[in-house]
Protein chains: 2
Amino acid sequence: MAEAQEMAALDVGGFHGPVVCALVGITYRQLDYWARTGLLRPSLVEAKGSGTKRVYSYQDVLELKVIKQLLDSGISLQSARRAVDCLREELGADLASANLVLTSTRSVLARSNGEVVDLLAGGQGVFNIVPLSGVVDELAADIVRIERGEPVTRRQGEAAPHVGVRPRAAGE
Amino acid sequence: MAEAQEMAALDVGGFHGPVVCALVGITYRQLDYWARTGLLRPSLVEAKGSGTKRVYSYQDVLELKVIKQLLDSGISLQSARRAVDCLREELGADLASANLVLTSTRSVLARSNGEVVDLLAGGQGVFNIVPLSGVVDELAADIVRIERGEPVTRRQGEAAPHVGVRPRAAGE
DNA sequence: CTGCGTAGTTACGTGAGCGTGATATCGCGG
DNA sequence: CCGCGATATCACGCTCACGTAACTACGCAG
């Protein structure tokens with residue numbers, strides 16, 4: 001019962017450092033480095049000296065997973081910073097049905113696949129396109145697994161199998 | 001007349017190090033580093049000690065420009081290496097009408113915009129899409145400028161204005 | 001109140017990807 | 001054949017993005 005209480009506390013919105021590492025699939029040193037350098041601070045509770053605990057929100061973990069995707073696909077942390085800024089600005093959007101698009105100069109959210117096609121037709125520079133649906137679904141599944149005590153052993157640097165990606169026609 | 005001969009020699013396929021730097025918009029140290037680390041060796045003449053000259057082919061310069069685009073858009077040199085491998089394998093293709101697509105696991109060439117849309121519908125991982133038409137056209141224009149002695153002063157890290165990008169409808 | 005585990009902090013090291021000179025050497029003009 | 005500029009090479013150092021290990025401090029059980 002006391003354990004169930006702890007689980008509930010997690011559900012309400014709090015994730016400690018090590019748990020976040022398991023969910024996102026990064027090392028603790030990366031999480032720590034990112035927090036110190038200001039890439040992504042825990043939005044619920046910041047660390048106040050040794051022994052204290054950082055507490056991350058669900059939204060934080062989502063952004064971290066996006067960052068991890070970017071790193072796995074060979075994008076620099078610098079660019080990931082711009083991506084995070086974009087996600088922060090467009091929080092109202094439905095992430096599960098949107099694509100994050102980064103170009104050399106700016107980053108935007110494309111709600112429909114049609115918008116992505118339009119951007120491609122514009123044809124300037126390089127496009128980094130991140131489908132967010134996979135990230136959202138995957139996180140939901142992993143949270144359940146973590147709360148059961150199953151250790152979510154995902155290999156480092158390897159793309160996780162995305163759940164719930166539905167192929168679409170171009171003219172949607 | 002003797003000068004015209006030198007120019008002709010360049011046209012046939014040879015570019016020295018510093019000229020390549022000006023064309024691509026990178027520093028000599030970058031070109032040197034990339035040659036030493038095996039990212040992109042001059043395919044015509046390698047360096048054999050101090051005082052010798054590296055000679056790059058037109059194809060080399062094209063690949064270098066692609067690498068530069070990747071770097072400007074925040075992609076790591078590691079990923080750029082994979083991109084170069086892909087370009088090497090698909091040399092027969094018409095680069096000016098193709099897009100280079102990099103995912104976290106592999107790299108491919110998409111000949112039509114339709115293929116790009118199909119790939120997006122597949123929806124796995126992150127897509128880095130490089131329209132090659134701009135790179136090809138830009139290089140041709142810059143080569144003319146170089147041979148006139150005009151110094152092609154392009155700002156570092158800023159995307160060059162692409163020529164000849166034509167917007168297309170999705171169902172092409 | 002006293003261990004003790006857990007989590008954050010510090011110190012130090014590492015490799016990639018260059019920048020900055022200084023140096024060595026080639027090849028060409030005179 | 002001899003200087004001289006152009007080009008490659010070397011030595012050194014720097015920043016980013018972490019890894020490893022040791023240390024430290026909180027907070028909870030007993």
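None of the values given here were measured: they were computed from a predicted structure. Chain naming here is simple, since letters A, B, ... match the order of the sequence lines and numbering starts at 1 in each.
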Can you see if the side chain of [X] gets near the phosphate of [N] - specifically, an N or O under 4.0 Å from OP1 or OP2?
X     : N      : value
B:T27 : C:dG19 : yes
B:W34 : C:dG17 : no
B:Y33 : C:dC18 : no

(message) Measuring only between side-chain heavy atoms, which start at C-beta, is A:R36 closer than 4.5 Å to A:D32?
(response)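 Side-chain contact under 4.5 Å: yes.
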Nucleotide [N], atom [atom2] - distance to [atom1] of [X] in whole Å:
X     : N      : atom1 : atom2 : value
B:H16 : C:dC26 : NE2   : C1'   : 13 Å
A:I67 : D:dA17 : CD1   : P     : 12 Å
B:R36 : D:dA11 : CZ    : C1'   : 12 Å
A:K53 : C:dA7  : NZ    : P     : 6 Å
B:L77 : D:dT15 : CG    : P     : 20 Å
B:Y28 : D:dT7  : OH    : P     : 8 Å
B:I75 : C:dG17 : CD1   : P     : 14 Å
A:L39 : D:dC16 : CG    : C1'   : 13 Å

(message) Side chains of B:S57 and B:S43 only: does a donor on one sit below 3.5 Å from an acceptor on the other?
(response)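 The answer is yes; a qualifying pair exists.
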(message) Between A:D72 and B:S104, is there a side-chain donor-acceptor contact under 3.5 Å, judged purely by atom types and distance?
(response)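 Result is no, nothing qualifies.
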[X] side chain, from C-beta outward: closest of [options]:
X     : options               : result
B:A47 : D:dT9, C:dA7, C:dG19  : D:dT9
B:L71 : C:dC18, C:dT10, D:dA8 : C:dC18
A:R54 : C:dG19, C:dG8, D:dG19 : C:dG8

(message) Between C:dT20 and B:R29, counting only base atoms on the nucleotide and side-chain atoms on the residue, is there a donor-acceptor pair under 3.5 Å?
(response)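 Yes.
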(message) Under 3.5 Å, is there any donor-acceptor pair linking the side chain of B:S50 to the base of D:dA8?
(response)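 Check passes, donor-acceptor contact within cut-off.
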(request) Look only at the side chain of B:K48 and the backbone of B:K53, and say whether a donor-acceptor pair between them is shorter than 3.5 Å. (result)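 Between the backbone of B:K53 and the side chain of B:K48 there is no qualifying donor-acceptor contact (under 3.5 Å).
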(message) Tell me if a side-chain donor or acceptor on B:E89 pairs with a main-chain N or O of B:C86 at a distance below 3.5 Å.
(response)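 Pair absent, no side-chain N/O of B:E89 close to backbone of B:C86.
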